Amino acid sequence: MDVRYSTEILHDFSPRFLVYKDGRIERLRKDIIVPPSYDPLTNVHIKDVHISPGASARVYRPNNIPNDTRLPVLIYYHGGAYCQYSAFSLIYHTFLKSLISQANIIVVSADYRLAPEYPIPTCYDDTWDVTKWVLSHSAEKGPDPWITQWGDMDRVFLVGDSVGGNMSHNMLAQAGLAGLLGPTTKVEGVILIHPFFVQAKLDEMFEFLSEGKMVVIDPRLNPMGDPARMRREVVCKRMLVCVDKDDMLRECGIAYYEALKGSGWEGKVDLLETNGGGHVFHLWDPKLEKSHEFLKVIASFINQSN
């Protein structure tokens, strides 16, 4: 059958994606998807789990965990401007295996449906499904045997890069409001890596991805706009905000850090600024010395609670 597609471009959101007149979406950045498997190089076991119609996750654990050992559980939220990449992308697969090898933790990497096919805020609903799934575990019960047997639900960490940093804040806020955090389930810390937040105005691409339904004052986009609310939402002990001198989102992270620090929040928040490399450089160039050093900082933050 001869299938002809329109070549007329309706929206050009380079370098992210193109929208053709017939509705077809063409993503312009290459994304390599890799299957789960045991990785002998990092000594990490990996599997995928289906959680809800729109949400799934990739779960990682170290090899040979003693039966009486409990490891921190990290929920990771990937970036990609709400419209690219997944929990199964090579760049995240590589980074998280290295982090587990360095920090000795269990990781649940959340996957969510992408805009524009599934407009924002669908991604927040999907990541909430993954977050609830993880927080439903305890030492006695839970849907995943790896987390039930070896996960320490008193030491949960939320970590994300770019829009995943935004999701880390929002999933923490929702968990607190939903009453999922208590004596046996606690978020010990949160790490925001080059996070995306909005203070001034939304660009044309974001307007398209959200079908114009989200505004700049939406607390999911701008938690800094209401310091009192922000203070209540950050229900963890420690936070690390990471920015880079050459990152286009540097000011987002600094604004978040300053707003939280000035809100009266009683936890400990630190700001880490790397000296050049650009947005999420550690994902694109994991072999760089600065990427290795950054990985060590992330692992050290997590293991402070050990």
Side-chain angles (χ1 to χ4, degrees), residues 13-18 25-39 41-42 44-52 54-61 74-103 105-118 120 122-131 133-134 157-168 171 191-196 205 209 242 244 247-249 277-288 291-292 294-295 298:
F13 293 121
S14 300
R16 299 286 183 181
F17 62 93
L18 303 175
I25 308 296
E26 180 187 358
R27 286 179 169 81
L28 301 176
R29 289 184 173 176
K30 186 177 181 181
D31 184 20
I32 301 173
I33 302 298
V34 292
S37 64
Y38 169 68
D39 179 38
L41 191 62
T42 54
V44 171
H45 289 277
I46 307 156
K47 66 179 179 180
D48 293 342
V49 295
H50 178 74
I51 293 170
S52 71
S56 55
R58 178 154 288 182
V59 186
Y60 303 74
R61 71 165 175 86
L74 185 151
I75 310 175
Y76 195 87
Y77 308 97
H78 74 81
Y82 298 102
C83 62
Q84 291 181 297
Y85 308 118
S86 77
F88 319 119
S89 297
L90 178 61
I91 55 172
Y92 290 104
H93 186 80
T94 301
F95 170 66
L96 292 174
K97 286 189 301 180
S98 298
L99 179 59
I100 292 158
S101 180
Q102 184 84 33
I105 55 177
I106 292 171
V107 171
V108 179
S109 183
D111 195 55
Y112 52 88
R113 289 171 290 182
L114 300 177
E117 293 90 339
Y118 298 93
I120 305 167
T122 301
C123 53
Y124 289 101
D125 297 333
D126 293 345
T127 51
W128 178 232
D129 285 344
V130 177
T131 304
W133 180 83
V134 175
F157 291 82
L158 307 186
V159 183
D161 67 273
S162 197
V163 300
N166 175 296
M167 291 177 183
S168 298
M171 294 306 105
I191 305 174
L192 309 183
I193 302 173
H194 307 168
F196 167 81
M205 188 182 81
L209 295 175
C242 306
D244 184 81
D247 180 18
M248 57 187 175
L249 297 183
H279 191 60
V280 296
F281 65 86
H282 61 291
L283 297 176
W284 299 117
D285 294 300
K287 294 183 179 180
L288 291 176
S291 298
H292 289 297
F294 185 73
L295 190 72
I298 301 301

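Small disclaimer: the values here were computed from a predicted structure and weren't measured.
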Determine, step by step, whether Ser162 and Ile193 satisfy the side-chain contact (heavy atoms from CB on, under 4.5 Å) criterion, reporting the C-alpha distance in whole Å, the side-chain angles of both residues, the deciding distance to 0.1 Å, and the verdict. CA-CA 6 Å; Ser162 197; Ile193 302 173; over 6 Å; no

With a 4.5 Å cut-off on side-chain heavy atoms, are [Y] and [X] touching?
X: Pro116; Y: Ile25; answer: yes
X: Val34; Y: Arg58; answer: yes
X: Ile91; Y: Trp284; answer: yes
X: Ile100; Y: Phe95; answer: no

Give a yes or no on whether the backbone of [Y] and the side-chain of [X] come within a donor-acceptor separation of less than 3.5 Å.
X: Thr127; Y: Cys123; value: yes
X: Ser168; Y: Gly160; value: yes
X: Asp129; Y: Ser52; value: no
X: Asp39; Y: Val44; value: no

If you apply the rule side-chain contact (heavy atoms from CB on, under 4.5 Å), what do you find for Lys30 with Leu90, and how did you get there? CA-CA 11 Å; Lys30 186 177 181 181; Leu90 178 61; over 6 Å; no

Residues which pass side-chain hydrogen bond (donor to acceptor under 3.5 Å, both in side chains) with Arg61, listed by chain and number, not counting sequence neighbours: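 Arg61 satisfies side-chain hydrogen bond (donor to acceptor under 3.5 Å, both in side chains) with no other residue.
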
Is a donor from one side chain sitting under 3.5 angstrom from an acceptor on the other, for [X] and [Y]?
X: Asp161; Y: Tyr92; value: yes
X: Gln84; Y: Arg27; value: no
X: Asp285; Y: Ser291; value: no

Taking all non-hydrogen atoms of both residues, which atom of [X] and which atom of [Y] are closest, and how far apart?
X: Ala81; Y: Arg16; answer: CB-CZ, 3.6 Å
X: Pro15; Y: Leu28; answer: O-CB, 3.5 Å
X: Asp111; Y: His78; answer: OD1-NE2, 4.0 Å
X: Ala57; Y: Ala110; answer: CB-CA, 4.5 Å
X: Leu99; Y: Leu74; answer: CD2-CD1, 4.2 Å
X: Val163; Y: Gly80; answer: CG2-N, 4.0 Å

Check step by step if side-chain hydrogen bond (donor to acceptor under 3.5 Å, both in side chains) holds for Thr122 and Asp125. CA-CA 5 Å; Thr122 301; Asp125 297 333; 5.3 Å; no

Inter-residue atom distance [X].[atom1] - [Y].[atom2], 0.5 Å rounding:
X: Arg29; Y: Cys83; atom1: CZ; atom2: SG; value: 8.5 Å
X: Ile51; Y: Trp133; atom1: CD1; atom2: CH2; value: 5.0 Å
X: Ile106; Y: His45; atom1: CD1; atom2: NE2; value: 12.0 Å
X: Asn166; Y: Met171; atom1: CG; atom2: CE; value: 8.5 Å
X: Ile46; Y: Phe88; atom1: CD1; atom2: CZ; value: 12.0 Å
X: Phe196; Y: Met248; atom1: CZ; atom2: CE; value: 9.5 Å

Geometric class of the [Y]/[X] ring pair [parallel <30°, tilted 30-60°, perpendicular >60°]:
X: His279; Y: His194; result: tilted
X: Tyr124; Y: Tyr82; result: tilted
X: Tyr60; Y: His93; result: tilted

Step-by-step side-chain hydrogen bond (donor to acceptor under 3.5 Å, both in side chains) determination, Tyr77 to Ser109: CA-CA 6 Å; Tyr77 308 97; Ser109 183; over 6 Å; no

If we check side-chain contact (heavy atoms from CB on, under 4.5 Å) with Cys242, which of these qualifies: Asp247, Leu192, Ile191?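 That would be Ile191.
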
For the aromatic rings, using the six-membered ring if either is Trp, is the centroid distance between Tyr118 and Tyr112 under 6.0 Å?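 Between Tyr118 and Tyr112, the centre distance exceeds or equals 6.0 Å.
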
